[in-house]
Amino acid sequence: MEIAPLSSALGGEVKGVDLSQEMSAELWQDIHDVWLEYKVLVFRNQDLSEESHLRFAKSFGELQPVRSATHIVGDDQPFMYIANRPVNGVPGILPNGEMHFHNDQSYYEFPCKASFLYALEIPKQGGNTMFLNTVKAYEMLDNELKEKLSGLSVFNVYDYDRNPTAPSDVYDAEAPQFTHPLVIEHPETGEAALFTSRLMSHHIVGMERAESDALLNQLFDHAEGLALRYEHVWQIGDLVMWDNFASQHARTDFDPEETRVMRRITVAGSRPVGLGVAA
Ligand SMILES: [Fe+2]
């Protein structure tokens, strides 16, 4: 196995690994270690059936069930097809267009720790996935701001129907929602990471709304700064996995006339713990 860095911010391409094959414990450990180090791993030219995709994801932990029944393929298979056409008779989810930066499932009590996204069909242009390193984003804040963020919690919500690009004041009361610490301690590396995003964070708990909006926007603008990004231009057969507690991702726009089909599996994580707070 070889790893080639993809940017100065995060991301590494893993070469010499065929994920459709069973792997040794040593190889798995190497992949696990570079995943934590690089936050985002890219495996090109993979030929992954649902079974082999599942086997690789499962080796990282318990799978996160897909919560919306309309997006399950089969009875107990945790695949989500992020697609703008039906797959196996199931309507696609998150069909078209741009999508702001987010950590997956930050609106759940137990967000996933890892996501595994596999490209089946891609548009000729666009639909790229941008990644940013939320550990570096936190590290690069000045001490005064770090102090200010200490102990703060943020309310996250995601209403697929009403706020596909960012939380609005009006959201379905039934939409998944949860409050998490704004700065978390990574469950495996112990690194401090920002855990608030433009797509899903609605407000900082206990703070006047205008002040909360200003502070959140300041953090989003900072984190989304170019130097912290890796932009993945997809090829069919790419498997990209990311550390959901140390990175965020966003999607660039693409032509809705073109087809984009991704198969995603997520692995369950622990409840995020605030920086400096005993678990
Ligand atoms: Fe996502």
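Every number for a ligand or one of its atoms is a count from 1 in the order of the listing.
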Exercise. Are Lys39 and Asp243 ion-paired here, with the side-chain N under 4.0 Å from a carboxylate O?
Worked result: no
Exercise. Is the shortest side-chain N to carboxylate O distance from Lys148 to Asp142 below 4.0 Å?
Worked result: no
Problem set entry | Identity of the N, O or S atom of His102 lying closest to the Fe ion (ligand 1) | NE2
Exercise. Does a side-chain heavy-atom distance below 4.5 Å link Thr134 with Gln248?
Worked result: yes
Problem set entry | Considering only N, O or S atoms of His249, the one closest to the Fe ion (ligand 1) | NE2
Exercise. If we only count heavy atoms from C-beta on, is the Ile204 to Thr196 side-chain gap below 4.5 Å?
Worked result: no
Seminar exercise, completed: Which atom of Asp104 is nearest the Fe ion (ligand 1), counting N, O or S only? It is OD1
